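Worksheet: one structure, shown below.
In what follows, every chain begins at residue 1, and chains take the letters A, B, ... in the order their sequences are listed. None of the values given here were measured: they were computed from a predicted structure.
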Amino acid sequence: MAPSYDTLRDEDLDEDDFDVDEVDISDLREKYEVQLEQGYDTFVVIDGLPEVNEEQKPKLVKFLLKKLNTVGKTKEDLIFMPMGENGKSMRFAFVEYSSAAEAAAAVRQLDLTPLDKKHTLRVNKMTDVDRYGREGRIDEDYTPPIIEPFQEKEHLRSFMADPSGRGRDQFVMYRGEAVGVFWNSEKDAPENIVDRQHWTDTFVQWTPLGTYLTSVHAQGVQLWGGASWSRQKRFAHPFVNLVAFSPNEKYMVTWSNRPISIPDEGHPSLSIEDDGKNYIIWDIETSKPIRSFAQLDTPGGAGVDENGVAKKQKFPWPAFKWSADDKYVARLNQGNSISIYELPRMNLLDKTAIKIEGVVDFDWAPATPSRDGIKAYEQLLCFWTPEIGSNPAKVSLMSIPSKEIVRTLNLFSVSDAKLHWQSDAAYLCVKVDRHSKSKKSQATTLEIFRVKEKGVPVEVVDTIKDTVINFAWEPKGDRFVIITTTEPVGPTAVPPKTSVSFFCPEKAKGNAIGNFKHLRTLDKKNSNAIYWSPKGRFVVVATVANTQSSDLDFYDLDFEGEKPESDKDLTANLQLMNIAEHYGVTDIEWDPSGRFVATWASSWKHSMENGYHLYDFKGEQLREEAIEKFKQWQWRPRPASLLSKEEQKTIRRNLREYSRIFEVEDAERINSADVAVVEERRRLLDEWLAWREAVEEELAEEREILGLPADLVGELLKAKTAQIAPDQEEVTVEEIMEEVLEETEEIVS
Amino acid sequence: MRPILLSGHERALTQVKYNRDGDLIFSVSKDQQICVWYAHNGERLGTYHGHQGAIWTVDVDPTSTIIASGSADNTIRLWDIKTGKCLKTWEFPTAVKRVEFNEDGTKLLGVTEKRMGHLGTIVVLDIIVDVDAEQSDEKAMTIVCDESKATVAGWSYLSKYIIAGHEDGSISQYDAKTGEQILNYPIHELDNAITDIQWSQDRTYFITASKDKNAKLITAKDLEVLKTYVSDTPLNSAIITPKKEYVVLGGGQAAMDVTRTSARQGKFEARFYHKIFEDEIGRVRGHFGPLNTVAAEPNGKGYASGGEDGYVRVHQFDKGYFDFMYEVERERANRIGVTA
């Protein structure tokens, strides 16, 4: 027993007979020992160099230096190349960089770069060599890695095969805490495929080709897919907020507003270099991070506008924009430059960002363009800069990777501009908000770049007198819809009255596309959103997130009926097909086939009448379902068709025949469903009547046993009548009512 | 279907009842009044004065001689329908939430509230259906609900069982003679109170309404759930319509939550469902507060609803209501017509 405090004697406190060396502190030492090797963080080891002698050595060092300095800073005397006893080099060198980050960059970017035909550089961190290369750390005998036998994986595109053979589309619904995927069954309740509680923490998202369903958690992002809805990929990004994918699903960007902090014990997939970063670019196939980025501070973003009101800092998302073929990703450094990175290595294109003074916004062409007379591979990028000093505002088109400016447009009195690409990259519309000299009145012009035509001519639509608050191109088409308002858009109690205008090209000879002409304007609307069918032709103009009105106007731009005389030179025939109303609608989405429109009121925006409506393209309501805590609906995208253009054309030509078959099938299905329903009802009715009969019989029996009359109440009433009027027989009182319907007086003279 | 609006109450309605003949409507409300109305034109026949608190419940004996009422003033009172005279007052320690006569009017049950240390009970009183008779002071029986308080209760066929709905969503069956609990099933979602129980005409089955937004059709004999009617709003009342095979449900966003939502979201509609097929057939709008109570006209000619808005709306069914038939029903009706 240890001596208690008050019985402590001096001897106990005598430290002399306490041998410090005897205490085993090896565990503590291991834990707290100064990590000497950390000093080597800035060093890399280069292997695979050619053998050189003392004379050739400076030449090689100089050559090396050139390569090494592309990723960081180092000097000649910081390269140490040990020489062997025979006067020849030992084919490796140590290099010191000025920072650990540079050393890391060297490993990432220079490893495996070929020096010449025979020699390939191998670059490793000094610390790694030390850690793994130390004697004893590596087993002398080679043990071949165990290769797992090949296992058939689920087909990630099995969803394209609708088991009912009807080519239905899938969608995901997130309501309450549950996420479910369904087949759209039009009027009938959607057919559930999978439904899971707490599948995601914040939201769900399909990947652009519909291969995976993304779930977002505090730990990171997960991708689900295949017929069994098993987890396919995981990406650990702590506290991730947003996710974006490259158009062909090769890469993914995750963003968190919290900078990543790598714990001391490390992170399963991220390294210490990712510490403090907000964005991570991932390779989806390998689920490995490629590169991480910190958030850029937007200069002047959080400033004060002219009226002295603090500007709400607009958070740019997506911060990283992808070219149409997944080969480049670009990020804007507001007012300074655009950085373009090449994939898959994520190195800066030509090692420098493109300096563009004042650049406000940019966007990639959504498709690989095919310009007249240009055969070379290119991706187009457009960007705009405001007026700086006496220089006009500019909108420019740049070809990547050549960085050649294809077209520039100078503009004056610009207060703002928005870039709108048409889905085939055939047109780029720049919506330019202009102010008058006094800056009092606002007007909008549309500057349309005809990208596919020779020399990229720009057409100006300047007939609009009001401010344009929304613009949308017809997908795969050449018509567009705008919404304008005369009043300034602001946080007013009553949303402004708006006008909806339709534009289309004039008829022109041959294959040429004529000038854009105003087709029709509809005044006194409340509409604020435009939703084109993904196949074009049909468009829904709607009022969303508005407490007063929630109209959905369904238009057809190729109406097959009579065309008004005034529109005979135009390539559109506008027809309002239907007006629907969905109270409190917050979001609208077309299905990928352009046959259905889902509209929903999300509890993320408000708590009134949450749920969804489903319409067909004509605006006829098919379904309506109120679901508490309804949050999200998203149609599963489809990958591009595998059929060639000719095959598609053949199908279109024979559409009549196909539709006849489908109509018969549909009718049969509906009939058989009806028959089933009727059968079920018949069964229920029979069951009910049989039950009633049994109960009535039983009741009568029990009544008899108890000696009660069959009509208990009737007896009671009779007794009461007898009491009130004992002498009278029951009399029937008949009352005759006469109603005079009409009275006319005729005077016969 | 144009309703007759009975606007005699100043506060929320709590219960509406037709008499056996369907010519009178009794309504009670939180404004401490019992009103009686002519069903055919909505004229007020009279009121019954005496209660000192909100009146929760009323019932008429089968011969339309007397009515019983239960109130927040902790009393059950018996009234002469014709003269409006209070015939008898029974006092209880807590408020009375529900009263109901049995089939022949000789017994009355009352459901008392659980409050101030008193457990909720179901009391049974012996009644003499005669305005001149001396009513007994004594309770014939008391059932104590020690698990979860009863919110509503009623008499089954032949006064064989007492069926009670509880606050926790369960339904109990008691022996009406001994007061012994025979069955207790958790029929509605846990802790979603049963708000109403109303009988089929022969009292062999009944319909429940619950805060869990469902109404269920249940047998009295073994508490078997026959049908379930799913709605999208908490329910306060449900009836089985005589003659036609329908049920009518009434409810709406709870009164305290109404201000937080839009009027259109309140869902203050009476909902008609087909009793056998469980499909919703139609809705009747009109109230601008939740429906607290629904009553069926005993001859199946109409129904009345009482709302939180203080109005009673009396509806006479149209021809369309009687003509409407499902295909299979028509099929059967035709077959019977042919064989008969």
Decide, yes or no, whether a salt bridge links [X] with [Y] under the criterion of side-chain N to carboxylate O below 4.0 Å.
X      : Y      : answer
A:R703 : B:D202 : no
A:R681 : B:E327 : no
A:E628 : B:K213 : yes

In this structure, are over 12 heavy atoms from other groups packed under 6.0 Å from [X] atom [atom1]?
X      : atom1 : value
A:K629 : NZ    : no
A:E693 : CD    : no
A:K525 : NZ    : yes
B:K301 : NZ    : no
A:E704 : CD    : no

(message) Taking the side chain as everything from C-beta on, heavy atoms only, tell me whether A:L689 gets closer than 4.5 Å to B:R332.
(response)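 Side chain of A:L689 against side chain of B:R332, heavy atoms only: contact under 4.5 Å found.
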(message) I'd like to check B:F277 versus A:V677 (side-chain heavy atoms, cut-off strictly below 4.5 Å). Are they in contact?
(response)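 A side-chain contact is absent here, since even the closest heavy-atom pair is not under 4.5 Å.
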Out of curiosity, [X] [atom1] to [Y] [atom2], how far, rounded to the nearest 0.5 Å?
X      : Y      : atom1 : atom2 : value
A:W688 : B:K275 : CH2   : NZ    : 4.5 Å
B:T65  : A:L716 : OG1   : CG    : 9.0 Å
B:I276 : A:R683 : CD1   : CZ    : 12.0 Å

(message) Looking only at the aromatic ring of each residue, does the gap between the centers of B:Y205 and A:W691 stay below 6.0 angstrom?
(response)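 Yes, the ring centres sit under 6.0 Å apart.
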Checking heavy atoms, do the side chain of [X], its backbone, both or neither come under 4.5 Å from chain B?
X      : answer
A:V678 : both
A:E698 : side chain
A:I627 : neither
A:L706 : side chain

(request) Go through the steps for A:L684 and B:K227 under the test side-chain contact (heavy atoms from CB on, under 4.5 Å), then give the verdict. (result) CA-CA 10 Å; A:L684 285 172; B:K227 305 282 172 191; 3.7 Å; yes
(request) Just give me the residue among B:T204, B:L226, B:V328 that pairs up with chain A most often, heavy atom to heavy atom, under 4.5 Å. (result)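 Heavy-atom pairs under 4.5 Å are most numerous for B:V328.
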(message) On a heavy-atom basis, which atom in A:E702 and which in B:L158 lie closest, and how many Å separate them?
(response)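 Looking at all heavy atoms of both residues, the closest pair is CB-CD1, 3.6 Å.
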(message) Is there a side-chain contact (heavy atoms from CB on, under 4.5 Å) between B:E331 and A:R682? Walk through the geometry before answering.
(response) CA-CA 10 Å; B:E331 191 180 278; A:R682 192 169 288 141; 2.7 Å; yes
